[in-house]
Amino acid sequence: MIGILKLNYGNVGSLHSFLKHSNYPHKFVGNKDDLHGCSKLIIPGVGNMEFLMSTLEKADLKRAIIEFSNNKQNKLLGICLGMQALLTTSLEYRNGSCL
């Protein structure tokens, strides 16, 4: 199952349309419990790093995504901002840490 991170930012609609059209099973991930059953996670792009990281913290998803990525069978895809979030730090978020 493919999870699409959905936290009121990013190009979620485009990803959903593509996966639906391509008949890939997927679901939206808005909290850590939504990650159950996913072996892949897409972190979308378009947005602000500070907003994304603070939203991940509030939803207790930062730690959950790190734990998800520690399982070598799971796969992560970051698009644009999502790819930056997979780094340790970002120039857009100088005072905070990324994933």
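Taking every heavy atom of both residues into account, Ala85 and Cys98 meet most closely at O-CB, 3.4 Å. Closest approach of Ser39 to Phe68, counting heavy atoms only: C-CZ, 3.7 Å. The nearest pair of heavy atoms linking Cys80 to Gly45 is CB-CA, 3.9 Å.
Side-chain heavy atoms closer than 4.5 Å link hydrophobic residues (I, L, V, M, F, W, Y) into clusters, and following such links, even through other members, never connects Leu41 to Ile79. Taken together through direct or relayed side-chain contacts under 4.5 Å among Ile, Leu, Val, Met, Phe, Trp and Tyr, Met49 and Leu7 form part of one hydrophobic cluster. Linking Ile, Leu, Val, Met, Phe, Trp and Tyr residues whenever their side-chain heavy atoms come within less than 4.5 Å leaves Val46 and Val29 in two separate clusters. Criterion: ILVMFWY side-chain heavy atoms under 4.5 Å apart, direct or through other members. Under it, Leu5 and Leu19 are not part of a common hydrophobic cluster. No path of Ile, Leu, Val, Met, Phe, Trp and Tyr side chains, each step under 4.5 Å between heavy atoms, connects Leu35 with Met1, placing them in separate hydrophobic clusters.
Separating the CD1 atom in Ile2 from the CD1 atom in Ile42 is a distance of 5.5 Å, to the nearest 0.5 Å. Once rounded to the nearest 0.5 Å, the distance linking OG of Ser69 with CG of Leu99 reads 7.5 Å.
Shown here are the ring pair (Phe, Tyr, Trp, His ring centres under 6.0 Å) partners of His26, two or more places apart in sequence or in another chain: His16. Residues that satisfy the side chain to side chain donor-acceptor pair (under 3.5 Å) test with Ser90, not counting sequence neighbours, are Gln84. With sequence neighbours left out, Met83 forms a side chain to side chain contact (heavy atoms under 4.5 Å, CB included) with Leu86. Residues meeting the side chain to side chain contact (heavy atoms under 4.5 Å, CB included) test with Ser22, sequence neighbours left out: Phe18, Tyr24. In this view, Asn48 satisfies the side chain to side chain donor-acceptor pair (under 3.5 Å) rule with no residue, not counting sequence neighbours.
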Which donor-acceptor pairs under 3.5 Å do side chains of residues 51-66 form with protein atoms, sequence neighbours excluded?
unit_1: Ser54; atom_1: OG; unit_2: Glu50; atom_2: O; d: 3.1
unit_1: Ser54; atom_1: OG; unit_2: Phe51; atom_2: O; d: 3.1
unit_1: Thr55; atom_1: OG1; unit_2: Phe51; atom_2: O; d: 2.7
unit_1: Glu57; atom_1: OE2; unit_2: Lys62; atom_2: NZ; d: 3.4
unit_1: Asp60; atom_1: OD2; unit_2: Lys32; atom_2: NZ; d: 3.2
unit_1: Lys62; atom_1: NZ; unit_2: Ser97; atom_2: O; d: 3.1
unit_1: Lys62; atom_1: NZ; unit_2: Ser97; atom_2: OG; d: 2.9

Verify side chain to side chain contact (heavy atoms under 4.5 Å, CB included) between Cys38 and Lys27, making sure each step is shown before the conclusion. CA-CA 8 Å; Cys38 293; Lys27 67 178 183 176; 3.4 Å; yes

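Pairs engaging residues 33-46 under the salt bridge (Lys or Arg N to Asp or Glu O under 4.0 Å) rule: none recorded [sequence neighbours left out].
For Asn8, the CG atom is loosely surrounded, since the number of other residues' heavy atoms within 6.0 Å does not exceed 12.
Side-chain heavy-atom separations under 4.5 angstrom define the hydrophobic clusters, and Leu87 shares its cluster with no other residue.
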